[in-house]
There are 4 protein chains.
Amino acid sequence: MTERDTRNAPRGRLDKRQAIIAAALRVFAREGYGQASLDTIAAEAGVAKPTIYNHLGGKENLFRHVLAEIAARSNAKTLAALQTFPTDPQELRDHLNTVGLRLAECFVDEQSSALRRLLHAEIARFPDLFDVVLDSGPNQATEALAGRLARLANAGYLTIEDPIRAARQFVALLTDELPAMTALGTRPINPDDLERAVTAGVDTFLRAFATPTDAPADPPAREAVGPLPG
Amino acid sequence: MTERDTRNAPRGRLDKRQAIIAAALRVFAREGYGQASLDTIAAEAGVAKPTIYNHLGGKENLFRHVLAEIAARSNAKTLAALQTFPTDPQELRDHLNTVGLRLAECFVDEQSSALRRLLHAEIARFPDLFDVVLDSGPNQATEALAGRLARLANAGYLTIEDPIRAARQFVALLTDELPAMTALGTRPINPDDLERAVTAGVDTFLRAFATPTDAPADPPAREAVGPLPG
Amino acid sequence: MTERDTRNAPRGRLDKRQAIIAAALRVFAREGYGQASLDTIAAEAGVAKPTIYNHLGGKENLFRHVLAEIAARSNAKTLAALQTFPTDPQELRDHLNTVGLRLAECFVDEQSSALRRLLHAEIARFPDLFDVVLDSGPNQATEALAGRLARLANAGYLTIEDPIRAARQFVALLTDELPAMTALGTRPINPDDLERAVTAGVDTFLRAFATPTDAPADPPAREAVGPLPG
Amino acid sequence: MTERDTRNAPRGRLDKRQAIIAAALRVFAREGYGQASLDTIAAEAGVAKPTIYNHLGGKENLFRHVLAEIAARSNAKTLAALQTFPTDPQELRDHLNTVGLRLAECFVDEQSSALRRLLHAEIARFPDLFDVVLDSGPNQATEALAGRLARLANAGYLTIEDPIRAARQFVALLTDELPAMTALGTRPINPDDLERAVTAGVDTFLRAFATPTDAPADPPAREAVGPLPG
DNA sequence: CATGAATGAGCCTTCATTCAT
DNA sequence: CATGAATGAAGGCTCATTCAT
């Protein structure tokens with residue numbers, strides 16, 4: 001007995017919540033917390049206003065849920081982008097460019113940008129949200145990235161003392177120009193421009209952290225993935 | 001004998017405009033554009049509400065004036081911080097640390113932070129403000145900084161291809177950790193922490209751009225980091 | 001045993017719309033569009049102010065609905081007054097006096113007067129309303145009246161070339177003195193005065209349009225300003 | 001180099017009052033009492049707002065002065081139009097058409113129409129103004145017109161019992177269609193249409209009041225209120 | 001007197017929230 | 001649970017009026 005045929009209407013029993021959050025996400029991102037009106041959100045979600053109060057209580061709570069949702073999505077995207085981090089020594093620059101581009105794409109992603117704007121806008125009203133989002137997002141990504149960089153360092157391709165810091169600086173160098181180029185995420189960016197920005201960041205990163213290759217190389221011969229070598 | 005404002009000042013002063021902008025600046029920074037109420041601003045400025053409309057027209061215009069004001073102040077501060085940029089070769093790292101600290105202090109400055117938050121918050125409603133502020137602030141600072149860096153490069157102490165990019169990256173590396181450490185500018189930062197962050201940024205910057213001093217002199221006749229040479 | 005309003009009637013009635021329109025009608029008529037305040041209307045209707053916005057949108061729309069309502073009522077009243085128009089030749093003057101009195105009563109009716117005042121007052125702001133009201137009211141009445149007069153003309157009792165014009169002139173002669181006598185409808189009129197005014201109008205109308213009764217026809221044997229001496 | 005301000009400024013010593021009243025007249029006529037703002041009036045008069053309070057006290061008083069002014073002008077115009085009333089028997093219809101056209105032109109005059117609209121609009125707020133205007137305007141005109149008609153009656157060309165009533169009815173028949181044709185005075189009227197309306201009114205008036213000319217003469221010999229004998 | 005500046009009051013409108021169904 | 005209807009509170013803006021110059 002599948003309740004499939006009740007797709008449309010009766011489905012709403014429970015995932016109206018999803019519709020509400022999705023609509024709220026759009027509206028909040030578009031108009032900000034203060035100017036966003038529950039009427040608009042309700043209309044855009046196709047539900048009545050009190051339904052919002054039934055599923056989520058009030059505007060403030062709705063906002064928290066929305067932010068948590070975007071943060072989770074952005075985080076997932078970013079972690080996915082790091083999944084394919086190169087473990088292969090050769091073509092280090094290319095690999096960094098590739099993963100850097102993925103990260104930059106996450107950075108300029110519409111929802112990620114909206115999240116940043118909303119955080120900036122409402123941190124005064126919701127001081128706690130900042131840490132919540134930070135922990136559920138960038139911090140995890142930084143840590144993951146730091147791990148990858150540490151591996152490369154261990155493999156001898158990079159010279160890194162503090163991987164966390166290096167990870168942060170990698171991202172800083174990658175995303176350096178993006179806010180100005182996208183008007184804080186409100187204007188789309190030309191893919192070529194994005195790639196150029198990434199290349200510039202990676203370039204400087206390598207100038208700072210690439211292990212000099214004067215010695216004809218023969219890198220530490222280890223599989224590189226080996227964390228914490230012996 | 002300036003009758004500044006010690007006068008009985010009961011009514012009709014001309015500098016109420018200043019009071020209004022100052023109050024608006026505080027209130028907008030504290031509550032954001034949407035939630036800030038003209039009642040609050042008027043009360044905080046010690047004027048009646050219509051006085052705001054006499055001096056500046058409406059909420060939107062007031063906001064624009066306020067943003068222009070903060071942007072101008074922040075820009076002035078930043079340019080002042082760059083004024084004393086070292087042109088003297090010795091102690092390059094110390095000098096960069098010093099000026100970096102000044103820049104970082106500008107970055108975490110309360111008004112500067114508020115400006116960043118307001119821009120993020122309201123860029124959707126005031127798309128034009130972003131470019132205005134950018135041109136009247138960061139862009140000028142970046143250019144000034146780029147000039148200083150170019151001089152150092154000319155003197156052989158740094159190896160820089162694109163001074164504008166280097167300036168941007170310098171700032172990016174300096175301010176890298178500050179948003180997280182100050183909760184987007186809403187929490188004061190420990191001076192030691194600030195210095196540590198600056199030091200870290202300068203360190204990486206020098207790793208990337210300092211001319212190798214093995215050969216004490218004759219500036220790096222190399223292509224520098226010629227991107228992806230052969 | 002009508003549960004008129006003895007019901008607890010605490011909230012959420014549907015006929016609040018009627019209450020709002022009724023109250024708005026009173027307030028607009030009393031204070032004019034510009035000075036009428038939605039607070040007053042809401043209070044007088046026993047509803048909260050936003051309820052007005054739920055049922056009818058905004059002040060302007062409310063005004064239009066109110067005017068349409070009065071126009072419709074006035075029109076209905078006037079057409080009813082014409083329903084009993086005499087088709088019977090004898091006692092033509094009496095019949096005209098009777099129907100003239102009915103029309104004059106419609107003219108001095110409180111709501112009809114208020115409608116005229118509001119139209120005059122706000123025609124600059126609502127230029128379209130004039131034609132709307134005209135078509136939904138006076139024009140219909142004039143046409144109906146013209147039909148009745150034409151029938152009398154056909155029957156030989158009146159000599160009328162252009163029935164529409166005659167109808168208009170009939171009304172003009174009837175209502176001639178009423179604005180001055182009622183202070184544009186703001187002061188009640190003595191029924192005797194009203195009747196006198198009507199009689200005077202009918203008299204002149206008959207002098208202009210009554211078919212000469214040279215044929216024996218027992219003319220209006222009364223002296224009464226007798227035109228057409230004979 | 002322009003002596004612009006010498007022109008109107010110093011002259012303003014005393015007739016700023018005139019400028020204010022003229023501007024107020026325009027603004028009140030255009031926007032009505034309620035919506036007219038003293039700011040607009042002051043701007044249109046080229047004076048500062050308090051100047052209005054110096055010359056005339058407050059909005060209400062200004063309105064009274066303005067209405068008195070328009071009423072006086074309209075009255076003067078109307079009386080002037082009656083000045084040339086025919087006393088000469090021949091061509092009675094043409095003469096009535098001529099003077100009727102003049103009266104109708106007074107009726108559709110912009111200021112006269114505005115006066116009527118303002119009176120309708122604000123009679124509730126200024127109940128006394130109605131009688132003031134009536135006495136200073138229409139009543140005088142009616143009386144003057146009645147005198148002329150009485151003279152014609154005395155001369156045997158018209159058969160009139162009550163000249164005041166006849167005068168009122170003459171005007172009523174003349175102006176019958178004008179409100180509808182001019183949208184209460186807000187739309188200009190085609191001169192031909194105006195003439196047609198007047199002709200129609202005069203026609204009916206003559207049907208009602210013209211002495212039958214079968215027996216060419218022996219006028220009713222009554223004095224009939226005839227003022228201005230001779 | 002004339003003016004620029006200031007103000008208290010008020011209005012139209014909208015919002016987040018809650019009953020009652 | 002979901003909804004239509006209703007509401008208290010508040011916001012932005014404007015106005016008629018008054019000081020102080």
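Throughout, a chain's letter reflects where its sequence line sits, starting with A, and its residues are numbered from 1. Source: prediction; values computed, not measured.
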Chemist: Look at the rings of H120(C) and H120(D) and say which category their plane angle falls in: under 30° parallel, 30 to 60° tilted, over 60° perpendicular.
Modeler: parallel
Chemist: If you pin G34(D) and E60(B) to their nearest nucleotides in DNA chain F, which one's is more 5'?
Modeler: E60(B)
Chemist: Atom CD of Q35(C) to atom P of dT14(F): distance rounded to whole Å?
Modeler: 17 Å
Chemist: According to the interplanar angle, ranging from 0 to 90°, do the rings of F28(C) and F63(C) count as parallel (below 30°), tilted (30 to 60°) or perpendicular (above 60°)?
Modeler: perpendicular
Chemist: Is there a Watson-Crick or G-U wobble partner for dA16(E) with both distances under 3.5 Å, and if so, which one is it?
Modeler: dT7(F)
Chemist: Map G46(D) and Y33(A) onto DNA chain E by nearest heavy atom, then report which one ends up closer to the 5' terminus.
Modeler: G46(D)
Chemist: To check you understand the geometry: which heavy-atom pair defines the closest contact between A45(A) and I20(A), and what is its length?
Modeler: CB-CA, 3.9 Å
Chemist: Between dC1(E) atom P and L56(D) atom CG, what is the distance in whole Å?
Modeler: 14 Å
Chemist: Can you tell me the Watson-Crick or wobble partner of dC13(F), both distances under 3.5 angstrom?
Modeler: dG10(E)
Chemist: For the side chain of N54(A) and the base of dA2(F), is some donor closer than 3.5 Å to an acceptor across the two?
Modeler: yes
Chemist: With respect to the phosphate group of dA6(E), does any side-chain polar atom (N or O) of H55(B) fall under 4.0 Å of OP1 or OP2?
Modeler: yes
Chemist: Let's test this: given Watson-Crick or G-U wobble pairing with both distances under 3.5 Å, identify the partner of dT21(F).
Modeler: dA2(E)
Chemist: Check the phosphate of dG10(E) against K49(C), side-chain N and O only, distance under 4.0 Å to OP1 or OP2. Yes or no?
Modeler: no
Chemist: Report the nucleotide, chosen from dA16(F), dG8(E), dT7(F), that has the shortest atom-to-atom distance to any side-chain atom of K59(D).
Modeler: dA16(F)
Chemist: Would you tell me if any nitrogen or oxygen in the side chain of K16(C) comes within less than 4.0 Å of OP1 or OP2 on dT7(F)?
Modeler: yes
Chemist: Just the rounded figure in Å: distance from C1' of dC13(F) to CG of D39(D).
Modeler: 13 Å
Chemist: Send over the distance from L38(D) CG to dT18(F) C1', rounded to a whole Å.
Modeler: 13 Å
Chemist: Starting from P on dA16(F), measure out to CG on N61(D) and report it in whole angstrom.
Modeler: 15 Å
Chemist: Judged by each residue's nearest nucleotide on DNA chain F, which is more toward the 5′ side, T51(A) or G57(B)?
Modeler: T51(A)
Chemist: Take atom CD1 of I41(C) and atom C1' of dT13(E), then tell me their distance rounded to the nearest Å.
Modeler: 14 Å
Chemist: Return the value, rounded to whole Å, for the distance between atom CD of E31(A) and atom C1' of dT14(E).
Modeler: 13 Å
Chemist: Quick check for you: to the nearest 0.5 Å, what is the distance between R64(D) atom CZ and D128(D) atom CG?
Modeler: 4.0 Å
Chemist: By the 4.0 Å heavy-atom rule, please label A36(B) as base, sugar-phosphate, or nothing.
Modeler: sugar-phosphate
Chemist: What is the minimum heavy-atom distance between V66(B) and A24(B), and which atoms define it?
Modeler: CG2-CB, 3.6 Å
Chemist: How many Å lie between CZ on R17(C) and P on dG4(F), as a whole number?
Modeler: 17 Å
